[in-house]
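Source: prediction; values computed, not measured.
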Amino acid sequence: MEKLAIFGGTPACRNPLSYGKQYIDGEDIAAVTEALCGDLTCGPKIGELEQALCRVTGAKYAVAVSNGTAALHLAAMAAGFGQGDEVIVSAVTFAASANCILYCGGKPVFADIDPETYNIDPKSVEKLITSRTKGIVAVDFTGQAVRHDELRELCRRHGLTFIEDAAHAIGTRYRGRPVGSIADMTCFSFHPVKTVTSGEGGAVTTDDERLYRRLLRLRSHGITRNREEMAHPTDARWYNEQVELGYNYRITDIQAALLVSQLKKLPEFSARRKALTARYDAAFAQVPEVFVQREIPESDTTRHLYILRIRPELLSCDRRQFFDALWMENVHSQVHYLPVYWHSYYEKLGYEKGLCPNAEKYYQEAMSLPLYYGLTDEEADQVIAAVKKVAAYYAKDRTQSAASRT
C-alpha cells in the first residue's frame, strides 16, 4: 500500500477509463424508437438484421439469437455434439466457449495457446485429437483471427466440425475473407462492450443450408412451419409442429433494429479501433517492461480487446500490483481470462491446473486496457502515460539503482 500512495490519477482524467464501452448515437436511438412502434418480436427486423450480417460476413445464412452463449449452444447442437464426445477448445476464453460443449453432454478438451498471439495453437490441438474428438471450438481471441488454414486442415483430415467463436471478431478478415464465412459455423456476440451491440444478442453464420435450417428450428423451441420437416404436415395456415427439443433463443425486433443501425457504422468503428491499437503498440514498444500481442499477417484484425502483458523478470511487482496501480491512475483495466479449467466448477469436473502452461503463464501477466470507439486520443495518451508511470516505478533497473544509492 505504501507504493500505491504515489499513484492517484491526474486532473485531466477525472473519470475512470474502463476497458470497454458502447457507442450509441441519434441514428441508433431513432432506429429503436421506430421498432417500438411496430412488431416487438418475431417481426421484420429479424430478417433485416440477418441479411445485414450476411453482407458483413460474406456468409450465405445467418441466424440471429438472444446472446453469444445461445449462439454457441445452438452451434454445438447443430454440430451433433453429444454424450461423451470430445471437443477441443481454447483454454483462454470466456467460459461459454466450453460450456456449450457441456450443455450437449460432451467433454471440453483444452488446447494451449500460442504464447505471442494468445490464440489457440494448432500444434496443441493436433496432439489432443482422438477417436472420440468430434469438433473444435476455436476462439478469435481479442478479435484476431485464428490460424484457419491449419485448423481447417485438421478438421478435414479427421472429419471434425469447425466452430469459430468470433464473439470478439466482427469486422476481422483472414486472408481477405470476412470472419463468419470460413468455418462450418461462426458464432458472434453483441454485448455492449463488443465492437457493435444490440444490448444482448448473438448470431450464428454458416454456408451450410442443412445446418441453417436446424439452427432456425432450435432457436424457437424446435418448432417448424416447414412442411418438409413435419411428421404430420397439413396445409392449414395456423399449423406448426415441434419436431425436436429446442429453446427460446429468439432476439427481439428492438435489439435487431439497434444492431442493424450499429452495423452501418462497423467500418468506422473498426478503423478507430485499429488506430487506437496502433497508437498503443507504438507507445508500448518503447516500454521494455511490457509485451504487446503479436498479430499474424493473415489477420486484418478489428480488435475487441487490447491486451497488455507485463514481463515479471523486468519488474519488481506482480500483475496484481501493476493492475491496482493503474486503477489508482483512473485506468480501470480488466483481465481476460482466467483459464476456463481453473474455474471451481471445472475443478469439480476433475480438471486440474497444469494442462496448458502457456495459457496459465499468460493469465498471470495479462490485463486489458481501455479500447473502444469513443476513446479519444487524449484519453488513450492518458492510458499510455499511466502504463509508463507504473512500469517506470516498478522497473527492476530503477529499483536496483535507487537501492544502490542508499
Working for side chain to side chain contact (heavy atoms under 4.5 Å, CB included), residues Q242 and L245 = CA-CA 7 Å; Q242 182 178 345; L245 184 62; 4.1 Å; yes
message = Using side chain to side chain donor-acceptor pair (under 3.5 Å), reason through T130 and E86 one step at a time and then give a plain yes or no.
response = CA-CA 8 Å; T130 72; E86 293 181 356; 3.0 Å; yes
How are the rings of [X] and [Y] set to each other: parallel, tilted or perpendicular (split at 30° and 60°)?
X: F110; Y: Y346; answer: perpendicular
X: F269; Y: Y373; answer: tilted
X: F141; Y: Y362; answer: perpendicular

Is it true that atom [atom1] of [X] has more than 12 heavy atoms of other residues, nucleotides or ligands lying nearer than 6.0 Å?
X: E34; atom1: CD; answer: no
X: E27; atom1: CD; answer: no
X: Y239; atom1: OH; answer: yes
X: E313; atom1: CD; answer: yes
X: F94; atom1: CZ; answer: no
X: K107; atom1: NZ; answer: no
X: R294; atom1: CZ; answer: yes

Considering only NZ, NE, NH1 and NH2 on the basic side and carboxylate oxygens on the acidic side, decide whether [X] and [Y] come within less than 4.0 Å.
X: D377; Y: R272; value: yes
X: R219; Y: E50; value: yes
X: D25; Y: K265; value: yes
X: R319; Y: E365; value: no
X: R175; Y: D149; value: yes
X: R303; Y: E295; value: yes
X: E360; Y: K353; value: no
X: D121; Y: R147; value: no

request  = Before giving the answer on salt bridge (charged side-chain N to carboxylate O under 4.0 Å, His left out), spell out for R157 and E126 the whole-Å C-alpha distance, their side-chain angles and the decisive distance to 0.1 Å.
outcome  = CA-CA 11 Å; R157 196 187 320 154; E126 187 168 19; 3.0 Å; yes
Can you measure from [atom1] ([X]) to [atom2] ([Y]) and round to the nearest 0.5 angstrom?
X: F81; Y: K134; atom1: CZ; atom2: NZ; answer: 10.0 Å
X: Y247; Y: S220; atom1: OH; atom2: OG; answer: 13.5 Å
X: K60; Y: T205; atom1: NZ; atom2: OG1; answer: 13.0 Å
X: Q144; Y: N119; atom1: CD; atom2: CG; answer: 5.5 Å
X: E116; Y: I113; atom1: CD; atom2: CD1; answer: 11.0 Å
X: L369; Y: L326; atom1: CG; atom2: CG; answer: 7.0 Å

Minimum-distance pair of heavy atoms, taken over all atoms of [X] and [Y]:
X: D112; Y: S124; value: N-OG, 2.9 Å
X: I120; Y: V137; value: CD1-O, 4.5 Å
X: Q262; Y: T197; value: OE1-N, 3.1 Å
X: I307; Y: S368; value: CD1-OG, 3.2 Å
X: F162; Y: C155; value: CB-SG, 3.6 Å
X: V146; Y: A138; value: CG1-CB, 4.1 Å

N/O donor-acceptor pair under 3.5 Å between [X] side chain and [Y] backbone:
X: T172; Y: T301; result: no
X: E289; Y: R311; result: no
X: T206; Y: D184; result: yes
X: S270; Y: L266; result: no
X: D85; Y: G82; result: yes
X: R177; Y: S181; result: yes

I'd like to know if the side chain of [X] pairs up with that of [Y] as donor and acceptor (distance under 3.5 Å, no hydrogens or angles considered).
X: Y118; Y: N358; value: no
X: T41; Y: D253; value: no
X: T117; Y: Q293; value: no
X: D207; Y: Y212; value: no
X: D165; Y: S97; value: yes

Does any non-hydrogen side-chain atom of [Y] lie less than 4.5 Å from one of [X]?
X: E164; Y: V179; result: yes
X: T277; Y: K274; result: no
X: V193; Y: L305; result: no
X: Y19; Y: H332; result: no
X: P108; Y: Y351; result: yes
X: M185; Y: L74; result: no
X: Y306; Y: D281; result: yes
X: V125; Y: L151; result: yes

Evaluation steps, side chain to side chain contact (heavy atoms under 4.5 Å, CB included), between V109 and V87 = CA-CA 6 Å; V109 177; V87 182; over 6 Å; no
request  = Check whether the ring centres of Y363 and W342 lie less than 6.0 Å apart, and answer yes or no.
outcome  =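 Close enough - the centres of the two rings lie under 6.0 Å apart.
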inquiry  = Evaluate T302 against R173 for side chain to side chain contact (heavy atoms under 4.5 Å, CB included), listing each step before the verdict.
reply    = CA-CA 8 Å; T302 295; R173 291 175 175 266; over 6 Å; no
inquiry  = Test side chain to side chain contact (heavy atoms under 4.5 Å, CB included) on T195 and R273; report intermediate values, then the result.
reply    = CA-CA 9 Å; T195 301; R273 286 174 177 266; 3.4 Å; yes
key: Audit row: T252, Q255, side chain to side chain donor-acceptor pair (under 3.5 Å) steps and yes/no   = CA-CA 5 Å; T252 69; Q255 294 167 301; 3.1 Å; yes
